[in-house]
J.: 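Just passing along the structure, written as structure tokens.
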Amino acid sequence: METVNQTTGKDVLLPDDTIEAFRAKAADTPHPRELIVDLLRAIQDHHGWVPDAGIELAAQTLGLSPLQLEEIATFYDKIYRQPVGRKVIHLCDSICCWTTGGEQVAELLRDKLGIGFGETTPDGVFTLLPTCCLGACGDAPAMMIGLTTYGRLTAEKIDTILREIRQQID
Amino acid sequence: MNLIRGIKGTAQAYWITLRTMFRKPVTIQYPEQKRQPFPRYRARIVLTRDPDGGERCVACYLCSAACPVDCISMQAAEAKDGRRYAEWFRINFTRCIFCGLCTEACPTRAIQMTSDYEICNRDPLDLVYEKTDLLIDDTGKDPDYNFYRHAGIGVVNPRGGNEDEKPPADVRDLLP
Amino acid sequence: MPTLTIDNKSITVPDGTNVLEAAQRLGIVIPHFCYHEALGAVGACRLCAMMFEEGPVKGLQMACMVTAQDGMQISTLHPEAQELRSHVIEWMMLNHPHDCPVCDEGGECQLQDMTIAGGHGRRRYAGKKRTWINQDLGPFVVQEMNRCIQCYRCVRTYQDYCGGDDFGVMGSRNRLFFGRFQPGKLESPFSGNLVDVCPTGVFTDKTFRFKTRYWDIEEAPAVCPHCSLGCTVIPGARYRELQRVRAGVNRQTNGFFICDRSRFGYGYANHRERIRQPNCQGAATSWREALEHLKERLGKVVNEYGPLSVAIVGSPRSSLECQALLREWTREHGYRPPLFEIDNRRDRTARILAAGLGKQARSMAEIADSDCLVMLGSDPLNEAPLLALAIRQAVRNGCHVTCLDPRAVKLPCAASHLPVQPEQLLPAINGLVANRFEEFERQDQLFLEGAAERLGRAERPVLVGGGDLLGPEGTEALLKAARSLNAGLFVTLGGPNSYGGALLSEDGPDSEEMIEAALEGEIKALFCIEADPLTEGPARSARALGQLELLVVCDHMVNRTARSADIFLPTTAPPEAAGTYINNEGRMLPFGGAYAPGLPLRDIGEGGHPPRTFSNITTGGEPRPAWAILATLLQRPLDFDSIHHGLESDPHFAGLGLLSPGGEGRRVTDAGMLPPAAQPEFPHSAPEGSLPLLVVEALFGTEPLSSLSPALEPVIPEAAVQLHPTTAARLGISDGETVSLRTELEHLRLTARTEAEMVPGLLVAYRLRGTPLELLPVGKITPCLLEKGGNDA
Amino acid sequence: MMPDWIITAILVAIKLGFVLALLLTGAAYLVLAERKLLGRMQLRYGPNRVGPFGLMQPLADAVKLLMKEDFIPAQGDKVLFFIAPGIAAVTALITFAVIPFGPPLRLFGREMPLVVCDLNIGLLYFLGLSSLAVYGIALGGWASNSKYALLGSIRALAQLISYELSMGLSIVPVVLMARSFSLTEIVNAQTHIPFALLNPPAFLVFLISVLAESKRTPFDIPEAENEIVAGFHTEYSGMRFGMFFVGEYINVIILSSMVTVLFLGGWHGPLLPGIVWFFGKVMLIAFLFIWTRGTLPRFRYDQLMHFGWKVLVPIALLNVVVTGAILLLLQG
């Protein structure tokens with residue numbers, strides 16, 4: 001993934017061709033607002049999180065005001081408006097997970113990663129966030145990393161998952 | 001019988017007034033003799049300061065609204081640090097009836113009453129007190145109370161820094 | 001028309017009324033936040049719970065979400081409903097700070113009222129409260145987010161009703177922030193309505209900050225004097241200072257909202273340079289002496305040159321009462337008939353409209369209800385902002401808006417805009433009737449044919465015109481078009497009482513004739529009542545005024561004419577006295593005086609502190625209503641009854657005396673009236689290489705009263721000339737460059753701004769007060785030379 | 001030797017001067033005495049700041065009244081408004097002309113009766129003037145153009161008319177017993193026994209009627225301050241009010257004198273000089289007036305009328321008949 005513009009050396013939020021694609025799509029739709037989430041996710045995929053400049057870029061691309069983007073961006077907790085690690089752990093803290101040992105899982109994760117909720121590991125790999133429900137009550141306790149949901153968490157399972165991810169990244 | 005009772009009753013009344021005439025009057029000769037007011041006696045109004053030495057009055061106009069004789073007037077203003085204060089504050093003591101409704105209305109404990117009742121004067125204008133005349137260097141009752149420590153405006157402490165407040169929220173925060 | 005019973009009281013309400021409205025009609029107070037008559041109900045605040053005991057709906061329901069139906073039996077006092085309400089209000093109050101003493105909303109706070117009405121008297125929550133860092137929202141509105149109870153009224157007003165897109169709600173759940181993406185000025189010209197609509201103190205008026213409590217302010221329903229729409233406003237004053245203006249309710253005109261020009265443009269009444277004492281030749285004097293002097297000088301002129309040597313100029317800023325007395329005065333003494341607008345173009349436009357409007361008249365409420373709007377030469381956001389809001393409501397209801405205008409007309413809603421040259425407006429209007437557009441290019445023809453087709457199909461079409469651009473001829477054509485298309489007509493005029501002046505002047509002489517007479521020396525004395533011929537009048541006014549022997553000016557603001565007056569008589573500003581305006585649809589709207597004039601306490605010179613000596617005399621309390629000055633000169637009683645009685649003998653004004661301030665007003669009766677004779681305008685001879693310059697009104701900075709307001713200074717636009725990019729490219733000018741602009745009389749240096757949506761080949765400039773641009777007549781084409789640079793000037 | 005008429009004139013002037021001075025200072029100090037006595041009855045001191053024991057208070061009051069703003073109601077009848085206090089004061093003053101306040105005195109070799117004018121119909125003169133005094137009040141209330149003043153004067157009219165009847169009737173036995181209308185004759189008829197002892201009912205009725213005539217408590221409904229502000233003189237201020245005020249207190253002196261003359265034997269009394277007896281008795285009655293004011297509350301209007309017409313008038317009438325019958329029997 002290329003995140004730095006080779007000529008200017010600045011952070012690039014989104015490659016130019018993707019922006020153009022979105023611009024063309026926006027011109028075609030009667031309500032460009034429907035593209036907001038897609039565009040914000042695209043920026044997030046590319047840049048890791050959505051900075052203010054990302055909101056402004058998206059607004060300009062879709063012909064909307066930055067506020068209209070920000071309304072959506074701040075509404076969803078899976079759109080990150082602050083820097084996060086390369087992988088974000090969403091740990092479910094809803095009732096089913098809680099009754100099946102969610103608290104212990106949370107404790108375990110905090111210990112293993114050495115961070116609290118809302119924090120990022122010093123190596124910039126993991127960010128730990130609570131989330132209200134992952135829709136995986138049947139597999140409680142559950143967490144989500146990236147687009148993958150992991151259920152029936154145990155200490156060993158967590159160890160394996162974290163290790164695998166670290167390996168992937170390296 | 002009625003007649004006798006009537007005559008007797010009338011005569012008794014005359015006797016009482018006559019007898020009273022020879023008793024010692026209860027009048028206190030005021031300027032020469034002075035009376036010590038009771039501890040809870042409430043008269044002349046003052047403006048107090050908060051424990052940090054700032055003016056307690058936030059010029060909310062509630063005392064002037066509560067005043068039945070309209071003797072309080074003021075103008076609110078904003079200081080650089082966001083504190084709302086009285087640009088000027090005036091009590092016309094020629095009108096004040098010391099009813100105490102202003103102190104009851106005061107949400108910041110700024111306006112309080114003292115037991116000084118001797119505020120007569122020959123020139124009515126001398127009884128129009130301005131803020132400099134009213135403001136004292138003391139907290140009066142409730143010595144620990146400071147409105148701005150509870151109001152959430154961020155004057156005494158930064159916003160969200162008061163005892164009963166959470167730190168400022170941020171919509172861009174990652175945590176829910 | 002269902003009939004329902006609420007708390008054992010029966011009421012029959014129109015179809016579609018919700019139960020909350022029905023209860024309000026019965027006078028039952030039920031706490032609510034999210035419901036607002038203009039915004040509708042969303043059932044979000046959960047506070048208006050009522051127990052539905054019998055009928056089609058059963059159980060505990062939100063009253064605002066239930067449509068009234070026959071046979072409903074509802075109790076507002078049911079214990080369950082009361083308990084729910086008290087819990088809901090307690091939740092809402094959890095995070096609300098205890099800062100009412102330092103909150104400007106205190107005393108007129110819906111949250112205070114509803115908390116008590118909801119049954120929550122004492123806070124039980126002892127935990128920590130949520131706090132926020134506020135944003136700076138510009139010069140008009142202060143934000144204090146800690147007080148927010150998440151009722152969403154602000155967003156629904158700003159985005160849905162007013163069409164702004166820079167303010168909204170961010171975050172989710174218990175962490176909602178109502179504000180902008182970044183701190184900065186709220187861009188919508190209706191941002192001030194947040195102050196009115198917020199039920200608590202999150203948004204308060206910055207210009208009114210910490211000034212006064214609700215119970216101390218002197219208020220009266222009034223009519224906004226800043227454009228011709230006649231919106232109801234409520235000015236409020238304390239210590240002889242006009243301190244704020246808030247929106248009044250008039251369902252026929254403005255509804256519940258007003259624009260920022262109306263709300264924050266009130267500073268003219270407190271203007272420091274306002275002359276508050278009569279003066280003769282610049283020396284202050286008393287009323288008695290000034291009037292004696294006036295009679296003497298006037299008598300001398302009349303004796304020497306006859307009564308026809310006296311001319312009178314009234315103004316569209318004056319009340320109808322003043323205008324009526326002016327006419328009587330001239331009739332009684334045989335003076336020249338009065339003029340009510342010195343700008344000839346605006347004068348004739350108003351008279352033609354007043355003579356012909358009749359059944360085609362539409363109110364703003366009817367515009368909001370229209371299904372097809374065609375706008376011709378009208379730029380509502382700049383000329384009459386509330387009209388834009390009415391148009392937006394129409395669009396929200398499915399109306400299609402077509403806009404023909406040389407300018408880049410920006411509307412807070414979708415509209416199809418065709419830039420046309422100013423002189424193309426007339427053929428376009430005629431074309432709409434005949435459905436023939438030969439003079440236009442092929443592409444434009446298609447656009448216009450579409451508009452004509454929609455107009456023909458529509459059930460409630462309205463033609464919206466801008467009087468300034470259309471001019472007398474255009475207005476006449478539009479009138480004919482409206483009649484033949486059986487469409488409504490809504491034309492904005494020059495001033496708040498242009499219509500009244502037009503009704504009174506009928507086919508009398510116009511300013512051209514008067515100036516001509518003055519130049520020939522026939523006029524020796526000129527009486528200006530709230531009029532400023534040197535600024536607003538024809539360019540020759542200065543020369544004409546130089547020939548006078550006596551110039552009398554009655555006004556409440558200082559302007560060019562007032563500065564050169566022989567006798568100056570101070571009048572009251574609109575909020576200081578009662579009167580009547582007739583708005584551009586012919587609606588008679590009386591207004592009350594909110595306070596008596598006087599030098600504001602703040603300006604007396606003791607640092608805002610009231611003087612320690614008491615006096616019976618109000619400092620600077622000399623200004624009198626213009627009508628009262630005239631009544632004194634006419635030796636009439638100083639009350640409205642006799643004036644209204646006199647006016648009502650004219651069938652137009654039937655029912656005037658029955659109206660009261662703050663009501664919906666009443667449209668003037670359509671009665672035969674002679675329009676002025678048609679007089680085609682001859683364009684100026686254009687020098688070689690010149691470009692047509694169109695001078696127009698702007699939202700801020702061009703209207704004479706509001707432009708004196710210090711609160712509006714930060715938003716007054718730069719002195720600029722707008723031109724199409726192609727035009728700019730031809731001249732080699734780029735955006736933001738300083739250019740030199742030469743007209744016959746003036747030489748200006750302006751910034752050039754390119755504007756892609758306007759018509760090519762035309763220059764557009766705002767008629768900014770205090771710049772030489774203010775001398776150029778509005779709506780007229782002035783030929784001018786535009787050059788790059790202009791550093792030499 | 002001076003001509004006779006000059007001596008007469010000088011004597012009359014001396015008497016007039018004496019009487020005037022006496023009445024005016026008497027009235028002034030009666031006010032002070034009343035305030036002092038009422039004060040003591042209410043456990044207060046009364047005025048004690050001006051001069052020793054507050055003795056200069058009347059002077060201070062006079063100065064104050066003279067300096068006060070003289071106010072005339074805008075819609076009032078100016079002429080009547082001017083005249084009314086004068087009528088009240090003057091009628092009170094000239095009533096004293098017929099009252100003998102001591103035994104005849106020998107001066108310049110002539111016997112001088114201590115009465116300004118010894119009319120043989122002195123009693124009728126007194127009754128006539130006391131009826132005239134009503135005009136001052138009635139006109140004052142009318143001219144003020146104020147509802148309180150008007151109400152006060154209407155009340156005064158009704159009250160004075162009612163009580164004049166019983167007063168007149170209670171005098172009839174006195175005339176019967178003294179066989180004269182001359183006040184000097186009446187006094188002389190009581191050389192040994194005062195009529196108060198001979199005819200107590202007439203004395204009581206007269207005393208009560210006289211209280212009512214003076215419009216003082218308990219008969220002060222014409223100026224009942226907690227109902228109609230100050231009654232007929234509500235709109236009066238300054239010296240014009242002062243004249244009403246002085247008139248009232250002179251009236252008290254005169255009515256006390258009349259009680260003395262008609263029932264208490266005038267100047268007759270053992271040991272002390274006659275004039276001392278006379279003024280002693282007057283002061284006693286005046287004290288009774290003040291004492292009554294300190295003791296009794298005000299009547300209600302209907303009680304007042306009831307008492308006058310249904311109690312006093314029948315008693316007085318019966319008394320006339322009984323006295324007449326007894327006198328006839330004694331003669332026969």
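Naming: A, B, ... by sequence-line order, numbering from 1 per chain.
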J.: Would one find more than 12 heavy atoms of other residues, nucleotides or ligands at under 6.0 Å from atom CZ of B:R19?
T.: yes
J.: Does CD in B:E118 sit with more than 12 non-hydrogen atoms of other residues, nucleotides or ligands closer than 6.0 Å?
T.: yes
J.: Can you tell me how far CG of D:L43 sits from CE of B:M21, rounded to the nearest 0.5 angstrom?
T.: 12.0 Å
J.: Crowded around D:I193 CD1? As in, over 12 foreign heavy atoms under 6.0 Å?
T.: no
J.: Counting only heavy atoms not in B:F38 (residues, nucleotides, ligands), do more than 12 fall under 6.0 Å from its CZ?
T.: no
J.: Does the D:W291 side chain pair with the main chain of B:T17, one donor and one acceptor, at a distance under 3.5 Å?
T.: no
J.: If you draw a 6.0 Å radius around NZ in D:K68, do more than 12 non-hydrogen atoms from other residues or ligands fall strictly inside?
T.: no
J.: For the backbone of B:R23 and the side chain of D:R40, can you confirm whether one donor and one acceptor N or O come within less than 3.5 Å of each other?
T.: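 Judged by distance alone, yes, a pair lies under 3.5 Å.
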J.: Please classify the contact between D:L296 and chain B as side chain, backbone, both or neither, with a heavy-atom cut-off of under 4.5 Å.
T.: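 Only the side chain of D:L296 comes within 4.5 Å of chain B.
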J.: Hey, what do you get for OG1 (B:T27) to CD (D:Q42), rounding to the nearest 0.5 Å?
T.: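 Rounded to the nearest 0.5 Å, the OG1-CD separation comes to 10.0 Å.
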J.: Between D:R293 and chain B, with a heavy-atom cut-off of 4.5 Å, which part of the residue counts as in contact: side chain, backbone, both or neither?
T.: neither
J.: For D:M41 and B:T20, work out which heavy atoms get closest and say how close.
T.: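 For D:M41 versus B:T20, the nearest heavy atoms are O-CG2, 3.2 Å.
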J.: Counting heavy atoms not belonging to B:M113, are there more than 12 under 6.0 Å from its CE?
T.: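 Yes.
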J.: Would you say D:Y301 has more than 12 foreign heavy atoms packed within less than 6.0 Å of its OH?
T.: yes
J.: Please look at B:L18 and chain D and tell me whether the side chain, the backbone, both or neither of the residue comes under 4.5 angstrom of a heavy atom of that chain.
T.: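 For B:L18, heavy atoms of backbone and side chain both lie under 4.5 Å from chain D.
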J.: Of the listed residues (D:T295, D:N48, D:T292), which shares the most heavy-atom pairs with chain B below a 4.5 Å separation?
T.: D:T295
